[in-house]
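One-based numbering, in listed order, for ligands and for the atoms of each.
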Amino acid sequence: MEKRDLLYSGKAKSVYTTDDADLMILEFRDDTSAFDGKKIEQLARKGMVNNKFNAFVMTKLAEAGIPTHFQALLSDTESLVKRLDMIPLECVVRNVAAGSLVRRLGVEEGIDLNPPTFELFLKNDALGDPMVNEYHARSFGWAEEAHLDQMKALTFQVNTVLKQLFADGGMLLVDYKLEFGLFQGEVVLGDEFSPDGCRLWDAQTREKLDKDRFRQGLGNVIESYEEVGRRIGVTF
Ligand code: TMP
């Protein structure tokens, strides 16, 4: 597969066209960002770790019947994916209260959410990724009703698969963010699944093992990502 032009450069990944119009190459960089790009650092090995982590998780999700854009690992930091027409929304499921939910509602971090919650955020750094609802999404044309229904159903299906995967590795899947796009009219999981876009706590000690280590300056960020990966069976 021939890598052609840089199509888009995000905060942590760059996207390249290939000689096949339906396929793209994702390059995972070492750049690590938080607070809508206000805090940015390069963390050695992060691109490689997230690329391999994402490949492993996307493969598990595909095995469970969830349509994903992932096609193949190409190198330590590159993956081949289907080219999706991205929906500009982030789907967040929370099993345990943390992060912006705690700040927004003044609830205690760590309480179980039963049933888990589902939230939508608009992808817009300048606005700080505001929370929106399905009516906003439909009225402003970000996503149509049938696609929203599928996004929600797939996001909860991912919860079933990944809660178990991480539980088997002695971890609690606190929350996570997914992004979807359309491929030939079908809703398909895109972007990435890595410790950058979810919260994972050690099930016993509740130690944070995800990007909160970077956001909160706790140190050992990539060492923790590698530890999470090893516990679920990723080989780096
Ligand atoms: P939040 O608590 O900040 O709303 O985040 C919920 C989950 O979604 C958390 O696992 C981090 C993830 N997330 C991202 O990966 N990118 C984002 O831009 C946002 C808002 C959340």
Is the closest heavy atom of [X] to ligand 1 under 4.0 Å?
{"X": "Asp196", "answer": "yes"}
{"X": "Arg94", "answer": "yes"}
{"X": "Glu192", "answer": "no"}

Next on the checklist: Under the salt bridge (charged side-chain N to carboxylate O under 4.0 Å, His left out) definition, can you give me all pairs with a residue in residues 126-148, not counting sequence neighbours?
Outcome noted: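 For residues 126-148, and leaving out neighbouring residues, the salt bridge (charged side-chain N to carboxylate O under 4.0 Å, His left out) pairs sorted by first residue read Glu134-Lys152, Arg138-Glu145.
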Tell me which part of [X] gets within contact of ligand 1: side chain, backbone, both or neither, using heavy atoms under 4.0 Å.
{"X": "Asp129", "answer": "side chain"}
{"X": "Glu90", "answer": "side chain"}
{"X": "Met131", "answer": "neither"}
{"X": "Glu119", "answer": "neither"}
{"X": "Asp210", "answer": "neither"}

Item to check | Any side-chain heavy-atom pair of Tyr176 and Val93 under 4.5 Å | outcome: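 Side-chain contact under 4.5 Å: yes.
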Item to check | Arg104 side chain near Met131 side chain, heavy-atom distance below 4.5 Å | outcome: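 Heavy-atom side-chain distance check passes, below 4.5 Å.
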Item to check | Sole residue of Lys177, Lys13, Lys11, Lys46 in side chain to side chain donor-acceptor pair (under 3.5 Å) with Asp196 | outcome: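 Exactly one candidate clears the test, Lys46.
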Would you give me the side-chain donor-acceptor pairs under 3.5 Å for residues 61-72, sequence neighbours excluded?
from, atom 1, to, atom 2, distance (Å)
Thr68, OG1, Phe70, N, 3.1
His69, NE2, Asp191, O, 3.0

Item to check | Proximal atoms of ligand 1 relative to Arg199 (non-hydrogen, under 4.0 Å) | outcome: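 Counting atoms of ligand 1 from 1, those under 4.0 Å from Arg199 are 1 (P), 2 (O), 3 (O), 5 (O), 6 (C), 9 (C), 10 (O).
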Item to check | Among Ser100, Gly99, Ser33, closest by any non-hydrogen atom to atom 1 (P) of ligand 1 | outcome: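 When every heavy atom of Ser100, Gly99, Ser33 is considered, Ser100 comes closest to atom 1 (P) of ligand 1.
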Next on the checklist: Looking at every non-hydrogen atom in both residues, tell me the closest pair between Ala97 and Leu113 and how far apart they are.
Outcome noted: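 Reported closest heavy-atom pair: N-CD1, 3.7 Å.
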Item to check | Nearest non-hydrogen partners of Phe53 and Phe193, listed with the distance | outcome: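 Heavy atoms of Phe53 and Phe193 come nearest at CD2-O, 3.6 Å.
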Next on the checklist: Is it the case that the side chains of Asn51 and Ser79 hold a donor-acceptor pair, with the cut-off being a distance below 3.5 Å and no angle test?
Outcome noted: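 Yes - a donor-acceptor pair under 3.5 Å links their side chains.
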Checklist entry - Has ligand 1 got any nitrogen or oxygen that is less than 3.5 angstrom from a nitrogen or oxygen of Asp36? => result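 No, Asp36 has no N/O under 3.5 Å of an N/O on ligand 1.
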